[in-house]
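The analysis underlying the following values was restricted to heavy atoms, covering all of them including side chains, and did not include hydrogens, waters or symmetry mates. Indexing begins at 1, ligand by ligand and atom by atom, following the structure's order.
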Amino acid sequence: MEIEVHKGVLSKNQELADGLRRLFSDIGLFVVNIMSGPGAGKTTLLERTCEALAPSLKMAVIEGDIQSSEDAERIARKGVSAVQINTGGGCHLDAKMVKDALGRLDLGGLELLIIENVGNLVCPATFDLGESARVMLLSTAEGDEKPLKYPLMFTRSELLIINKTDLLGHVDFDVERVREYAAGINPAMEIIAVSAKTGEGMDAWYDWLVARPGK
Ligand code: MG
Ligand code: ZN
């Protein structure tokens, strides 16, 4: 019974996500769904990204959090349109939430929309948001072993960003080990190592983003 209900939820979500994907494609909007565990540095990465790209690219951000509008405020301070979704306890975003949030955004001329999912390494990977690409963020502070326990997100992401490279040498994290693991389960996934804090490696991420709009 429980399995039937879950299937129903997922197929309804898929229907909505498919509709969103058609809309995004029709208006030429590149949409990125960023997923990670809590505290991996998604919002800091996005703050830097806004600073670097907003002057030349029309972008907006949807922030997903269980509660509070702190993250949307951080993005808005960078001069970028930001809409906050509060899931009210829900541990992932779904397509309905994104659809509702779009009503609060000016989509005219928009080239890039980044959706910051709720910090959670598990179920965000099973809910399609109609995005053009999925990006997984993993911080060196999380350790290189823990993420190996969440293979679904690895298999569903086109890009892995390893964040907090400024902590390498102080934490138990072997970048090569993660690269090998990722290559084993998702050979097509690209990997970029950055420090959103210091800016190291961020150009590769910007290049990845800029190459996509209109595709
Ligand atoms: Mg955040
Ligand atoms: Zn969830």
Quiz prompt | Distance-only donor-acceptor check, side chains Gln84 and Asp71, under 3.5 Å | solution =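 Asp71 and Gln84 do not have a side-chain donor-acceptor pair below 3.5 Å.
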
Exercise. Mind listing the closest non-hydrogen atom pair of Ala17 and Ala95 along with its distance?
Key: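 Answer, listing the atom of Ala17 first, then Ala95: N-CB, 3.7 Å.
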
Quiz item: What's the shortest heavy-atom distance between Val61 and Cys50, and which atoms?
Solution: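 Nearest heavy atoms, Val61 then Cys50: CG2-SG, 4.4 Å.
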
Practice problem: Report yes if some heavy atom in the side chain of Leu121 is under 4.5 Å from a heavy atom in the side chain of Phe154; otherwise report no. | Solution: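 Contact flag for Leu121/Phe154 side chains = no.
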
Quiz prompt | Inter- and intrachain pairs under side-chain hydrogen bond (donor to acceptor under 3.5 Å, both in side chains), touching residues 194-206, at least two apart | solution =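 Sorted pair list: Thr49-Trp205, Thr165-Glu200, Asp166-Ser195, Ser195-Thr198.
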
Quiz item: Ignoring water, what protein N, O or S atoms are under 2.8 Å from the Mg ion (ligand 1)?
Solution: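 Near the Mg ion (ligand 1), the protein supplies Thr43 OG1, Asp71 OD2, Glu116 OE2.
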
Exercise. Considering just N/O/S atoms, say which atom of His92 is closest to the Zn ion (ligand 2).
Key: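 The atom in question is ND1.
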
Practice problem: Could you tell me whether a side-chain N or O of Ser132 sits under 3.5 Å from a main-chain N or O of Val31, the two making a donor and an acceptor? | Solution: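 Judged by distance alone, yes, a pair lies under 3.5 Å.
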
